[in-house]
Amino acid sequence: MTTVEVKVRRVLHFINGKYENSSDDQTFEVKNPATQEVIAVVSEATEEDVKKVSEAARTAFDHGPWRTMSLSDRCDKIRRMAEIILERREEIARLEALDVGKPYSHAFTGEIPRAAHNLKFFADFMEKQGGEVYPMEEAFLNYTRYEPVGVAGLITPWNAPFMLTTWKLGPCLAAGNTAVIKPAEMTPLSVSLLGEIAKEAGIPDGVVNIIHGKGSVVGTAITENKNVDLISFTGSTTTGKAIMKNGANTLKKFSFELGGKAANIIFEDADLDKAIPVSIQAAFLNSGQVCLAGSRILVQRTILDSFIEKFKHAAESLVVGDPQDATTKMGPLVSEEHFNKVKHYLEIAKKEGATLITGGGIPVLAPHLESGYYLEPTVYYHQDHTARICQEEIFGPIVTIIPFDTEEEALAIANDTEYGLNGVIWTENLKRAHRIAHGVRAGTIWVNCWFVRDLRAPFGGFKKSGIGREGGHHSLEFFSEAKNICIALN
Ligand code: ADP
């Protein structure tokens, strides 16, 4: 049952080590998507506040102790942040379930421990890095140093706010940068705690800053600000394009993780006992609000009927309900606006002649959830992979099964998309697994699994799914400037 305290929380900016109101005292409200109750009143930053926060981050970078302190001291403080997150795991998971609407159990067992791991991993990883040495005969010696870039703008989305913010903050801090974090306006609760967590961990004031407000105002102001040197952004492809344009005048460094429309390819020799439950996860985790969702399910025609029957049964068995309940597997969509956008795809599917296999409506739930933004897990079948529901990122609990006959056809369908974030392959044939994994144009390919991440491995997208890679040394390179030092030896 719900154990989260029912109260309206006040969320402030965190600037230079202090929680603060906006300069004009403006605020906006955040609702619980499961009930539409107002759960938070959040300070809404002005352009002046953005100026202030970026100056604080600049001063902390240029004149503070962070950049020059010993690497082990810096990494100890980051590791301490990770420990505090684990100590406060339940509270953070409750907040994440409250404003995102994601099942508490998933936040508690998956995302919040992963958030702590993000910080610890990059602190440990940074300490193990070396540089390169290039001797030029006996005359000169080149060696490299990796130095922090400066002030990082970390702009994060609403689907996994805490986990995705720490995924950027870990390498950003470990490399010695200072940060201006801009969480998504709909889901500021958990990320707002990172200010006090950083302070308790001994991170100097001005190193971790958090500012709230609309992307179009606050996000744009951060992107245009001359004190901000780089932007790490996760969000929609459309917003990524806007950020790139707005950051051009100040020539910022960018890392973008954008949209996806992954093909989940099920060959006739797949182990369906594994493929079905994992494909259900890939379709409906976080109500399908996952950029890595396997939303195009390509099924070899020889097993189409049995796959559809089993997948339908599994989708119908998902427990949809109150995100705070331990048994809930799927919560609501994040907001009214997003709910309407996703719901519109039900009409599009109808017009496009897709066959509804299951779902397509509003689930019947307990009375207190009646005004929540809930949709049933929805599965369509469509022959034509060029239909809008098979091409556009719906970011909701709607997936389409598409048939194919041959490997070549599967690959052609998988690659006929403007996205290239990830792909999933189910087969027991090793050679085919490699062939298809090499053929799919996407940044991550999972064979007989999904959502498994080794933080050393690169993460990012081909095509319109992103620019650059994060993870392991890729993250550290993004958050660092490589310097070459050439010494004459004679
Ligand atoms: P969605 O469209 O699903 O809400 P967005 O990509 O717009 O996702 O949002 C991801 C993050 O980007 C949020 O923190 C949001 O406030 C921010 N954002 C939105 N528009 C802009 C913009 N023009 N410049 C910078 N950040 C933005």
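Atoms within each ligand, like the ligands themselves, are counted from 1 in listed order.
- For the pair Arg453 and Trp446, the cation-pi criterion (under 6.0 Å, within 45° of the ring axis) is not fulfilled.
- Protein heavy atom closest to atom 18 (N) of ligand 1, with residue, atom name and distance, is Gly215 CA, 3.4 Å.
- Listed by number with element, the atoms of ligand 1 under 4.0 Å from a non-hydrogen atom of Phe233 are 6 (O), 10 (C), 11 (C), 12 (O).
- Nearest non-hydrogen protein atom to atom 26 (N) of ligand 1 is Gly219 CA, 3.5 Å.
- Between the Thr166 side chain and the Leu169 main chain, no donor and acceptor come within less than 3.5 Å of each other.
- Under a 4.0 Å N-O distance rule, the pair Asp416/Lys261 does not qualify as a salt bridge.
- Per-residue contacts place Ile243 under 4.0 angstrom from the following atoms of ligand 1 (heavy atoms of the residue considered): 24 (N), 25 (C), 26 (N).
- Taking atom 11 (C) of ligand 1 as the reference point, the nearest protein heavy-atom neighbour is Thr156 O, 3.5 Å.
- If you check which protein heavy atom lies closest to atom 17 (C) of ligand 1, you get Ile155 CG2, 3.7 Å.
- In this pair, His117 and Phe121 present their aromatic rings tilted. The plane angle is within the 30 to 60° band.
- Distances from atom 9 (O) of ligand 1 to the protein include no heavy-atom value under 4.0 Å.
- Shown in contact with Pro183 at under 4.0 Å from a heavy atom are these atoms of ligand 1, numbered in order with element: 14 (O).
- Residue Lys182 places at least one N or O, backbone or side chain, under 3.5 Å from an N or O of ligand 1.
- Taking atom 23 (N) of ligand 1 as the reference point, the nearest protein heavy-atom neighbour is Thr220 OG1, 3.5 Å.
- Between the Arg469 side chain and the His474 main chain, no donor and acceptor come within less than 3.5 Å of each other.
- For residues 455-465, the set of pairs meeting the side chain to side chain donor-acceptor pair (under 3.5 Å) definition, not counting sequence neighbours, comprises Asp454-Arg456.
- The protein heavy-atom contact nearest to atom 20 (N) of ligand 1 is Thr239 CG2, 3.4 Å.
- Below 30°, between 30° and 60°, or above 60°: for Trp167 and Phe459 the angle between ring planes is above 60°, a perpendicular geometry.
- Of the protein's heavy atoms, Glu185 OE1, 3.6 Å lies nearest to atom 15 (C) of ligand 1.
- Judged purely by atom type and a 3.5 angstrom limit, Thr328 uses its side chain to pair as donor or acceptor with the backbone of Asp322.
- Heavy-atom contacts of Gly235 reach the following atoms of ligand 1: 6 (O) (cutoff under 4.0 Å).
- Screening Asn246, Ile243, Thr250 against Glu224 for a side-chain contact (heavy atoms from CB on, under 4.5 Å) leaves a single residue, Asn246.
- Not close to ligand 1: Gly240, with no non-hydrogen atom less than 4.0 angstrom away.
- Atom 3 (O) of ligand 1 has as its closest protein heavy atom Trp158 NE1, 3.3 Å.
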